[in-house]
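Worth saying up front: this structure is predicted, and the values here are computed from it rather than measured.
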Amino acid sequence: MPFWPSPITTTDVASSGTRPAWPTARDGRVWWAEDRPDEGGRTTIMRSGPDGVRELLPAPWSARTRVHEYGGRPYAVTPGGEVVFTNLKDQRLYLLGDDGEPHPLTPEGSRYADLLVRDGQVWCVREHHGNGGRVSRAIVSVPLDGGDVRERVTGSDFYASPSLSPDGRHLAYVCWNHPRMPWDGTELRVLSLDGGGSRTLKGGPSESVLAPAWNGDAGLYLISDASGWWNLYEIGLHGDGLRALHPAEEEFTSPPWTLGGAPYTMLPDGRLAVLHGRGDLRLGVLDPASGSLTDLDLPYSGWDASLTAAGTSVVGIAYAPTAPRSVVTVDTTTATHHTLNTSLVALPDPAYLPPATPVRILRAGGRTPEDPAPAGRVELRRPAHDVTPASEELERGEIHAFRYPPYAAAVEEGKSPYVIFVHGGPTGHATTGLDLEKAFLTSRGIGVLDVNYGGSTGYGRAYRERLKGQWGVVDVEDVVAAARWLAAEGLADPTKIAVRGGSAGGWTVMAACCRSDAFAGGVSYYGVSALAPLAAHTHDFESRYVEWLVGPENPQVYAGREPLNLVDGVTCPMLLLQGLDDPVVPPEQSEAFAEALSDRGVPCTYLAFEGESHGFRRTETRAAALAAELAFYQQIF
């Protein structure tokens, strides 16, 4: 089929978005990090103030930390307005002085993240890679005058959120150990810097405690999912007086894949600016004393979990389906807002930007209770050696998704082609932020359904844990149910539905194509095809993740899940794209699957990109990948 001509080009998409992140407000100025796809994916540091918006970090410097490989907040601001940052190339900490030249603060050989500047020192998480590949982490302090790095906390596998009490006598932090991930089980601990040792205030193997912040010298705020939802609490310095501030079946944070998040911040009058909701997080003001929570009337559908306060104003990264990610300041007393910087200078004609419609799909393939007409069951091909439960025996429930309709003028008579988007993680979620990749497709007459399959965050711990031990089953069943739903609703031509995803989403794409005939083709970006090699060779942060997702290594169980072993079931064409410098999902994963498809005579295109890691950052790479994807859809549709 010929696609409708669109003004949105591959170059528009690839070069779009400076992707602002990690704002910091202080003394009437705001700093943030900003990616530059047209500079090889370099990350710079920007500042807005009375003198306008300025770039502080010149090329070729790049402020990006590789702690946990996913990184996080790469900089902090000193009381005097100087910037401390982690340099991508050598991972050392540098102080960006008034002369505009970075000066090193740490020796080579370690990585640093979650930076906090207090009392002439940088408090942060240090990750050290030693001989034999052994990785260790600690919370350390680094003098701004260039003195020796001092270890403050050691002994756990992972650390996050170092926070000093106002009087400087106590250090709060979050820690956890293998095999847990931070959304599984963490502990909030407090260390007495006077030599009194540390104690655990809250948390454990089955409770995720995140984002501590001091409420005076004798208490803290925190986020915990003890209720089944990430809610806000306060607790005393000795673990006493635990109190939920606003109990709700909503999330008050996002999953901490990166370090340095701040899903709430304190205002001068003692209230808290908070993020909360299901799926996307909206901005509100919470009174800890009364528990009342008031949302601010703003034209945004969601916010990144990274807030900073400047007096009565809050600064964050906001987005909407038709509004690009932007650095936004909001006056909490009047709800007036001002955009400091936007990721897109020029937007396409709004007519080409699709609205996001939330939909709920029954896992059995039916509709929501309000619209009970059946849509047919989901049947998956089951290999003889598959020891997982049959799909009909799994827990039933709703699947959350966002639908982006094709551009009306591009829709010919009949049903439209659709692409189902599968997010990575898999402990992550799809948001409704403006995405030119989606508009690139919808403007050409291809609809998009972005699925938050079972295991996604944003809908409580029980929804996350639907995927526990069931990766390759629940996620696959959910995306297949989504395809069946599109067809049953009369939205999509059932012969013209494709599926695409990256990383863990790439796994689901491969597995769904192995086990179902619902798709006309599959597109995998740096996807996982085999479990044992992933567990053996991936980075330390996720090295035990497969145990939660599937279970301890068991050849029979793994054989029943991994796409590389189920490749005989693939009957549709596939496109595989891979970065050759990927430390998270090594290139061998995509290469092996491509080779297996080729051996069977299944049409497959494999594209590898030099210098790209886990997530393509360069303009030329992103443009080439998207052009290949469009050509693929042209062929299969």
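- Cation-pi contact between Arg561 and Tyr558: absent, since separation from the ring centre below 6.0 Å together with deviation from the ring axis within 45° is not met.
- Using a distance-only test at 3.5 Å, with no hydrogens or angles considered, no donor-acceptor pair links the side chain of Tyr221 to the main chain of Leu245.
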Could you check Asp280 against Thr432 for side chain to side chain donor-acceptor pair (under 3.5 Å), going step by step and ending with a plain yes or no?
-> CA-CA 7 Å; Asp280 289 320; Thr432 58; 2.5 Å; yes
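- A donor-acceptor contact shorter than 3.5 Å is absent between the side chain of Glu250 and the backbone of Arg278.
- For Trp229 and Phe252, the gap between ring centers reaches or exceeds 6.0 Å.
- Between the side chain of Arg282 and the backbone N or O of Trp303, no donor-acceptor pair lies under 3.5 Å.
- Side-chain contact between Arg618 and Glu612 is present, with at least one heavy-atom pair separated by less than 4.5 Å.
- Thr312 meets the side-chain hydrogen bond (donor to acceptor under 3.5 Å, both in side chains) test with no other residue; sequence neighbours excluded.
- Under 4.0 Å is where a charged nitrogen must lie from a carboxylate oxygen, and between Arg137 and Glu127 at least one such pair does.
- Of the possible polar contacts, one joining the Asp184 side chain to the Met181 backbone as a donor-acceptor pair under 3.5 Å is found.
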Side chain to side chain donor-acceptor pair (under 3.5 Å) between Ser208 and Thr186, intermediate numbers included = CA-CA 5 Å; Ser208 174; Thr186 63; 4.6 Å; no
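- Aromatic pair Trp471/Trp507: centroids less than 6.0 angstrom apart.
- A salt bridge between Glu547 and Arg544 is present, with a side-chain N of the basic residue lying under 4.0 Å from a carboxylate O of the acidic one.
- Aromatic ring centres of Tyr459 and His400 lie closer together than 6.0 Å.
- In summary, the aromatic rings of His68 and Phe158 are positioned with their centroids under 6.0 Å apart.
- His178 and Asp540 form a side-chain donor-acceptor contact under 3.5 Å, judged by distance and modelled atom types alone.
- At a threshold of 4.0 Å, the pair Arg19-Glu34 does not count as salt-bridged, since none of the basic side-chain nitrogens sits closer than that to a carboxylate oxygen.
- The two residues Ser163 and Ala213 have their closest heavy-atom pair at OG-CA, 4.4 Å.
- Crowding of Arg150 atom CZ: a count of heavy atoms from other residues, nucleotides or ligands under 6.0 Å not exceeding 12.
- Considering Leu210, Thr431, Leu281, Asp304 as possible partners of Ser254, the one that fulfils the side-chain contact (heavy atoms from CB on, under 4.5 Å) test is Leu281.
- At distances below 3.5 Å, not a single donor-acceptor pair connects side-chain atoms of Tyr112 with backbone N or O atoms of Pro74.
- Of the possible donor and acceptor atoms, none in the side chain of Glu251 sits under 3.5 Å from a partner among the backbone N and O of Asp225.
- A salt bridge does not link Asp157 to Arg180: none of the charged nitrogens lies less than 4.0 Å from a carboxylate oxygen.
- Without hydrogens or angle criteria, Arg36 side chain to Arg42 main chain gives no donor-acceptor distance under 3.5 Å.
- Under a 3.5 Å cut-off, the side chain of Thr538 and the backbone N or O of Glu542 do not form any donor-acceptor pair.
- Within the 3.5 Å criterion, the main-chain N or O of Arg66 finds a donor-acceptor partner in the side chain of Gln91.
- A 4.5 Å side-chain heavy-atom check between Trp61 and Tyr94 finds at least one atom pair inside the cut-off.
- At distances below 3.5 Å, not a single donor-acceptor pair connects side-chain atoms of Ser326 with backbone N or O atoms of Val328.
- Taking each heavy atom of Gly146 and Leu105 in turn, the nearest pair found is N-CD2, 4.4 Å.
- The number of heavy-atom neighbours closer than 6.0 Å to CG of Asp148, taken from other residues, nucleotides and ligands shown, is 12 or below.
- Looking at Arg29 and Asp27, no side-chain N of the basic residue comes within less than 4.0 Å of a carboxylate O on the acidic one, giving no salt bridge.
- The cationic group of Arg464 lies under 6.0 Å from the six-membered ring centre of Trp230 and within 45° of the ring axis, placing it in a cation-pi geometry.
- Neither side chain, Tyr463 nor Asn452, offers a donor N or O lying under 3.5 Å from an acceptor on the other.
- Between His539 and Tyr70, the distance separating the two ring centers is shorter than 6.0 angstrom.
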Enumerate, atom names and distances included, each donor-acceptor pair closer than 3.5 Å involving a side-chain atom of residues 167-176, sequence neighbours excluded.
residue, atom, partner, partner atom, Å
Asp167, OD1, Ser165, OG, 2.7
Asp167, OD1, Arg169, N, 2.9
Arg169, NE, Asp194, OD2, 2.9
Arg169, NH2, Asp194, OD2, 3.2

